[in-house]
Student: 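Pasting a structure below so you can have a look.
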Amino acid sequence: MSNVDLQELFNQRLGRYQAAIAMEPLDRMPVACGSNYFAEVYSGNTNQQTIYDPAKWLEAEMAFIRDFPEVDVLRNSRIYAPMFDAVNCLTYRLPGRDLPARTQFQFVEQEYMKADEYDQLIENPTLFLINTWLPRIMGELATPGSARATMALIKAGMTQMQMGEIMRTRGIRLQNECGMPQPMAGFFLAPFDAIADAMRGLTATMMDMYRQPEKLKQACDALVDEMVNLALSTGDPFRRYPIFVPTHKPMFLSPEQFDEFYWPSFKAVLQKLHQAGYAVRAYLEGDWGQHWKHLLELPKGSVLCDIDSQGDIFKALDELGHHQCLAGGVADSVLILGTPREMREQVKRLCEAAGKDKRLLINGGCNIPYDTKPENYRAMLDAIMEFGQYDSSLKPTPKPEGIVPFQSAPARKVLTSWETRKAEWGGVQGDEALIREPWERFEAMAYAFIWQWVL
Amino acid sequence: MSDIANALRDLKEDEVKKLVDRRLAAGEPPVSLLAELNQGMVAVGELFSEKKYFISQLIFSAEILKNVMAKLEPLLQAGPQTESKGKVVIGTVKGDIHDIGKNIVAALLKGAGFEVIDLGVDVPGEKFIQAVRDSGAKVLGMSALLNFTYPEMKTVVESLAAAGLRDKVKVMIGGAPCNEQVRAFTGADYYAPDAVAGVNICQEIYA
């Protein structure tokens with residue numbers, strides 16, 4: 001295919017995906033999974049190679065795109081394991097390192113923040129992370145100020161830059177050589193999840209809801225601007241793609257607990273990202289059936305919601321499908337153990353339930369599993385092409401100004417402001433802007449670097 | 001139901017502690033308190049089945065119970081032994097290190113009076129087989145969060161047969177990626193859609 005054709009293909013795919021998110025008319029249903037694990041290992045590479053060897057990973061996905069050209073988006077951002085090694089990040093077990101090379105990476109939840117430390121977190125979240133939390137989740141930082149800790153941070157910064165370069169190059173190659181856009185760029189967590197996943201852990205957070213509810217709520221509020229900042233720091237500067245948020249703990253909460261502890265701060269983050277011109281792709285993990293009505297409070301077409309296999313996709317279409325684009329509908333077990341005929345029937349049912357007015361991206365529950373049978377995936381695409389046709393006269397094109405209209409975005413956060421730095425120097429002699437811009441840029445990058453570890 | 005059972009059902013942590021302390025000080029045998037706590041846990045499970053309680057409340061009830069049991073257990077061991085409802089071997093299958101679901105089921109089983117042999121996470125097939133053989137448990141519960149575990153669960157069921165234990169034990173599976181299709185594939189006897197369903201299955205097997 002010529003470069004012009006590939007650009008055209010890229011635009012069609014991106015336009016189709018953006019139109020679905022915005023609940024607008026479509027030529028056909030997009031094939032737009034967020035986490036396509038199946039693609040990451042499609043060429044037979046190991047999970048270890050995906051996170052340690054960017055060339056092998058790209059090879060796998062290019063082979064995947066060749067065999068499944070109907071796919072409209074493919075994920076670009078995964079972890080780059082050498083960065084995790086540099087600091088010895090304790091919150092993950094990695095394939096090839098702590099797990100067999102063909103296993104997926106797994107999160108390790110512990111009580112990394114103690115029950116009596118809420119005041120410190122609330123008072124200054126970033127300082128709490130730097131001084132208390134990072135040394136607990138990074139083995140190499142166990143003795144802050146030691147030679148190993150200093151080396152680890154230097155290496156971490158270097159690997160971070162390299163990871164950015166790898167992801168950028170991948171994105172450009174997938175765009176130029178395959179015409180392939182991405183399902184999302186950038187990430188954040190709901191404030192409650194940031195605390196419950198990586199700081200307190202599930203059980204301790206459940207206890208906090210009963211034993212110190214006010215502290216927990218204050219901490220969630222204190223994290224709103226931090227999560228907005230993390231999302232805007234990592235999101236696509238052109239606002240072509242939604243920002244990704246996996247949600248982990250709502251499945252454990254009663255509706256009352258969700259309303260009291262989870263939703264207010266999460267909603268505040270979502271609203272601020274909307275004002276900044278971004279859509280969000282939210283994985284509603286587990287069963288959100290008691291909670292998803294709240295997504296009606298946000299502007300139509302602003303949050304693409306992935307419905308997990310434990311949720312009822314048909315109920316979600318009924319209750320939410322007229323307001324937000326949904327993804328999901330195929331159980332892991334159908335992809336892994338099912339048959340092409342079973343797949344075709346399920347896709348047909350889903351297309352009929354979505355009809356012409358609702359926007360559904362047929363997908364596994366928040367992912368396409370590693371062990372998906374290729375013939376089942378093929379059957380899924382064939383059935384989407386058969387039953388998911390809408391209006392062939394439409395020609396999808398990307399939105400020029402990002403997914404939702406831009407209103408305002410806050411300035412990026414820093415630890416040491418330019419004013420402080422300049423005052424300590426007693427002013428500067430030459431062109432201040434030349435010094436200030438990179439100072440603030442690197443400060444903001446380092447700031448985002450610290451917060452990314454909550455994921 | 002007694003005041004202790006009610007307080008536990010209503011998740012009143014301080015009240016449960018206070019009542020247990022008071023009744024112990026009054027010289028009541030710990031065995032009878034244990035029976036009341038079991039009633040409270042059963043009531044929590046019922047509220048969950050009625051969708052009035054959610055998983056957070058199961059976790060909190062288990063935590064309240066755990067703290068009270070830390071006090072009761074030494075006293076119970078000193079006194080006359082009570083008969084357990086039966087033994088259950090439980091664990092998260094090989095390759096998967098997630099334990100939230102497995103821990104909730106184990107806690108509820110203990111709360112309901114079962115003896116739980118908890119093998120932890122990332123449990124190799126041989127360890128499941130060995131535990132079933134050694135304990136004579138009539139139930140083996142396998143938990144999983146990740147969907148690559150389907151073949152592993154099937155292998156364990158097949159190994160039970162190879163070890164001549166298949167007709168002596170019922171196999172139950174549960175966890176996010178499980179459903180009836182997965183149960184059929186693995187050859188397990190039961191699929192538990194949630195923790196309380198898992199406890200009910202064990203009650204049924206030991207009835």
Student: Quick one: does any side-chain atom of B:Glu63 pair with a main-chain N or O of A:Thr203 as donor and acceptor, under 3.5 Å?
Tutor: no

Student: Could you tell me which portion of B:Gln57 (side chain, backbone, both or neither) has an atom closer than 4.5 angstrom to a non-hydrogen atom of chain A?
Tutor: both

Student: Going through the checks in order, is the side chain to side chain contact (heavy atoms under 4.5 Å, CB included) test met by B:Ile55 and A:Met206?
Tutor: CA-CA 10 Å; B:Ile55 298 174; A:Met206 299 295 115; over 6 Å; no

Student: Identify which part of B:Ile97 has an atom lying under 4.5 Å from any heavy atom of chain A, answering side chain, backbone, both or neither.
Tutor: both

Student: Calculate, to the nearest 0.5 Å, the distance between atoms OG1 and CG belonging to A:Thr103 and B:Leu146 respectively.
Tutor: 9.5 Å

Student: Is the backbone of B:Gly95 close enough, under 3.5 Å, to the side chain of A:Gln106 for a donor and an acceptor to pair up by distance?
Tutor: yes

Student: Applying side chain to side chain contact (heavy atoms under 4.5 Å, CB included) to B:Asn147 and A:Asn367, what does each step give before you reach the verdict?
Tutor: CA-CA 11 Å; B:Asn147 54 39; A:Asn367 74 95; 4.2 Å; yes

Student: Side chain to side chain contact (heavy atoms under 4.5 Å, CB included), that's the test. Do B:Gln181 and A:Glu342 meet it? Break it down for me.
Tutor: CA-CA 12 Å; B:Gln181 182 173 35; A:Glu342 209 179 332; 2.9 Å; yes

Student: Any chance you could measure A:Ser333, atom OG, to B:Glu180, atom CD, to the nearest 0.5 Å?
Tutor: 10.5 Å

Student: Using the benzene-type ring in the case of Trp, are the ring centres of B:Phe60 and A:Tyr210 under 6.0 Å apart?
Tutor: yes

Student: What do the steps show when you test B:Tyr150 against A:Leu337 for side chain to side chain contact (heavy atoms under 4.5 Å, CB included), and what is the final call?
Tutor: CA-CA 9 Å; B:Tyr150 300 159; A:Leu337 305 173; 3.8 Å; yes

Student: Give the member of B:Asp96, B:Leu145, B:Leu58, B:Asp122 that has the highest number of heavy-atom pairs under 4.5 Å with chain A.
Tutor: B:Asp96

Student: Could you tell me if the side chain of A:Gln290 sits less than 4.5 Å from the side chain of B:Phe54, heavy atoms only?
Tutor: yes

